[in-house]
Amino acid sequence: MCAALLLKFKFNTTDEFVLRSYALIIFSIALLLAAALIFFEIPGRRYLYPVVWFINGFGYEMLVISSNIILQQLCPAENIGRVSTSFRSIQILCVIMGPMIGTALIADMGRQAPFIFAACAAFLTASISGIIHYYCASKQLIKAMD
């Protein structure tokens with residue numbers, strides 16, 4: 001809810017691709033914090049987990065909102081239902097596969113491993129998204145100058 005309000009009132013003019021990159025970075029930071037709390041066995045960490053999960057949820061909600069906006073902008077109106085349902089199916093598949101993969105990572109590398117892998121994947125996705133966005137923006141700028 002906090003992320004939705006922030007996007008509505010503060011970042012309403014910010015490009016959705018940039019918001020998605022911010023969201024992935026916030027999400028990956030939360031995951032790295034969770035891994036650090038586990039790995040370093042910080043005293044009183046059980047009181048810090050709610051803060052970390054709030055940050056995680058905040059980043060995830062920003063990601064979902066910005067991704068849905070991008071989807072609506074890029075998808076033809078007659079296909080939006082089918083495409084949205086397909087993306088939702090992929091998301092459900094990830095929700096099902098995530099715990100299985102996480103369990104295997106924990107068994108092989110320790111409890112912090114799934115958080116580190118997820119954070120790296122989110123940061124890599126944010127980096128690629130940012131590079132693509134700035135490449136496309138610079139290409140449009142060059143085209144406009146011609």
Side-chain angles (χ1 to χ4, degrees), residues 1-77 79-141:
M1 192 158 115
C2 293
L5 291 172
L6 186 66
L7 291 178
K8 171 105 174 123
F9 295 112
K10 184 70 175 166
F11 292 118
N12 55 350
T13 59
T14 305
D15 185 84
E16 292 78 18
F17 289 95
V18 173
L19 283 176
R20 185 177 59 185
S21 295
Y22 289 162
L24 287 165
I25 290 168
I26 292 168
F27 185 70
S28 62
I29 288 170
L31 292 170
L32 289 174
L33 286 172
L37 289 174
I38 293 168
F39 182 76
F40 295 114
E41 297 182 5
I42 296 170
R45 67 182 177 266
R46 68 177 166 188
Y47 302 110
L48 297 173
Y49 284 130
V51 174
V52 171
W53 291 125
F54 175 82
I55 296 169
N56 180 311
F58 186 87
Y60 181 76
E61 186 61 25
M62 277 182 63
L63 175 64
V64 169
I65 291 169
S66 60
S67 295
N68 283 335
I69 293 169
I70 292 167
L71 178 66
Q72 290 173 6
Q73 290 174 345
L74 296 177
C75 187
N79 293 334
I80 192 75
R82 184 175 294 127
V83 172
S84 294
T85 303
S86 297
F87 277 117
R88 181 71 178 143
S89 296
I90 292 169
Q91 183 182 18
I92 290 171
L93 176 65
C94 291
V95 168
I96 293 168
M97 296 297 296
M100 291 188 289
I101 295 169
T103 301
L105 289 171
I106 289 170
D108 287 343
M109 296 178 234
R111 288 187 318 166
Q112 70 278 4
F115 299 106
I116 293 170
F117 275 85
C120 290
F123 187 74
L124 178 66
T125 304
S127 300
I128 291 169
S129 178
I131 290 168
I132 291 170
H133 172 71
Y134 290 115
Y135 172 76
C136 292
S138 65
K139 197 172 179 180
Q140 287 177 352
L141 182 64

Correct closest heavy-atom pair for Ile26 and Met62 would be CD1-SD, 3.9 Å
Just how far is it from atom CG of Asn12 to atom CG of Leu6, taken to the nearest 0.5 Å? 10.0 Å
Short side-chain to backbone donor-acceptor contact, Ser84 and Ile80, under 3.5 Å: yes
With a 4.5 Å heavy-atom cut-off, do Ser66 and Tyr22 have their side chains touching? no
Check the angle between the aromatic planes of Phe17 and His133 and answer parallel, tilted or perpendicular using the 30° and 60° thresholds. parallel
Considering all heavy atoms, the nearest Ala35-Ile116 contact: CB-CG1, 3.6 Å
Less than 4.5 Å apart, side chain to side chain, heavy atoms only: is that true for Leu24 and Phe123? no
Hey, could you give me the CZ/CD distance between Phe117 and Gln112, rounded to the nearest 0.5 Å? 10.5 Å
Pro114 and Ile101, any side-chain heavy atoms less than 4.5 Å apart: no
Option passing side-chain contact (heavy atoms from CB on, under 4.5 Å) with Glu16 (candidates Leu7, Ile70, Asn68): Ile70
Distance col, row Leu124:CG vs Ser129:OG, nearest 0.5 angstrom, shows 11.0 Å
Kindly compute the distance separating OG (Ser127) from CD1 (Ile25), expressed to the nearest 0.5 Å. 6.5 Å
Is the shortest heavy-atom distance from the side chain of Phe115 to the side chain of Leu105 under 4.5 Å? no
With rounding to the nearest 0.5 angstrom, report the CZ to OG1 distance, Arg20 to Thr14. 14.5 Å
Considering all heavy atoms, the nearest Ser28-Ala122 contact: CB-CB, 3.8 Å
Is it the case that more than 12 heavy atoms not belonging to Phe39 sit under 6.0 Å from its CZ atom? no
Nearest heavy-atom contact between Ile42 and Ala36 is CD1-O, 4.2 Å
Would Val18 and Tyr134 count as a side-chain contact (heavy atoms from CB on, under 4.5 Å) if you check the C-alpha gap in whole Å, the side-chain angles of each, and the deciding distance to 0.1 Å? CA-CA 9 Å; Val18 173; Tyr134 290 115; 4.2 Å; yes
Smallest separation among heavy atoms of Gly130 and Ser21, with atom names: N-OG, 3.7 Å
Using 0.5 Å steps for rounding, measure from the CG atom of Leu33 to the CZ atom of Arg45. 14.0 Å
Side-chain heavy-atom pair Phe87, Leu71 within 4.5 angstrom cut-off: yes
Atom CZ of residue position Arg111 - does it have more than 12 heavy atoms of other residues, nucleotides or ligands inside 6.0 Å? no
